[in-house]
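Worksheet: the structure to be examined is printed underneath.
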Amino acid sequence: HDHDQDEAHDHGSHDHDHGDLNPHLWTSPRIAQDMVHEISHGLAAAAPAHAAVFEQRAADYSAQLDALDAWTIEQYERVPVAERLLVTGHDGLRYYLHDYDITYVGALLPSFEDNAEPSAA
C-alpha cells in the first residue's frame with residue numbers, strides 16, 4: 001500500500017507529536033495486514049525454528065483482518081458517500097477514513113490527554 005506519511009496531524013501546543021511516524025496506522029485493517037506480514041517475517045528471521053508457526057498465525061490473523069475489512073465495507077455501504085462524515089475526539093483515523101471514503105470533519109480535542117482543552121479552532 002502507498003501510505004503518505006505527510007498526513008501528520010496538528011495537536012496544537014500539546015505534547016503529543018508523533019514526528020514523521022503515524023502510530024494510528026493500525027486503525028486500517030488493510031494496513032494492519034501489511035504490519036502482520038512484516039512482523040511475521042521479522043519473527044521468522046529471529047527464530048527460524050518457529051517460522052512455520054509465525055507464518056500460520058500471520059495467515060490466520062490476516063484472514064480475520066480480511067473479514068473485518070469486508071464487514072466494515074458492508075457497514076459503510078449503507079451510508080451514502082456524501083453523508084460519510086466523521087467528527088472524532090482525536091485526529092488519528094486518516095488511513096481508516098481513506099479506506100472507506102469517509103470525510104474527516106474535525107477533532108473535538110487535539111489529543112486524548114486529560115489536560116487537553118478544546119480551542120476556538
Mind checking who shares a hydrophobic cluster with Ile39, ILVMFWY linked at side-chain heavy-atom distances under 4.5 Å?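 Via sub-4.5 Å side-chain contacts, Ile39 links to Leu43, Phe54.
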Would you please test Thr103 and Leu97 for side chain to side chain contact (heavy atoms under 4.5 Å, CB included) and show each step? CA-CA 7 Å; Thr103 300; Leu97 299 173; over 6 Å; no
Test item: Ser28 side-chain N/O and Leu25 main-chain N/O as donor-acceptor pair under 3.5 Å: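 Looks like no, no N/O pair under 3.5 Å.
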Any donor-acceptor N/O pair, Thr72 side chain to Leu68 backbone, under 3.5 Å: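 Flag set: sc Thr72 to bb Leu68 pair under 3.5 Å.
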Side chain to side chain donor-acceptor pair (under 3.5 Å): pairs with one or both residues in residues 74-85, sequence neighbours excluded: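 Output for this query lists Tyr76-Tyr96.
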Sequence neighbours excluded - side chain to side chain donor-acceptor pair (under 3.5 Å) pairs with any residue from residues 46-56: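 Found Gln56-Asp60.
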Is there a path from Trp71 to Ile73 through hydrophobic residues (I, L, V, M, F, W, Y) whose side chains come within less than 4.5 Å of each other?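 Not linked; separate clusters.
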Distance-only donor-acceptor check, side chains Gln33 and Asp66, under 3.5 Å: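 Asp66 and Gln33 do have a side-chain donor-acceptor pair below 3.5 Å.
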Does some side-chain heavy atom of Tyr100 sit less than 4.5 Å from a side-chain heavy atom of Arg30?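 When only atoms from C-beta onward are counted, Tyr100 and Arg30 do touch, with a gap below 4.5 Å.
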Heavy-atom closest pair, residues Val81 and Asp101: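 Here Val81 and Asp101 meet closest at CG1-O, 4.2 Å.
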Which atom of Pro29 lies closest to which atom of Asp69, heavy atoms considered: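 Looking at all heavy atoms of both residues, the shortest contact is CB-CB, 4.2 Å.
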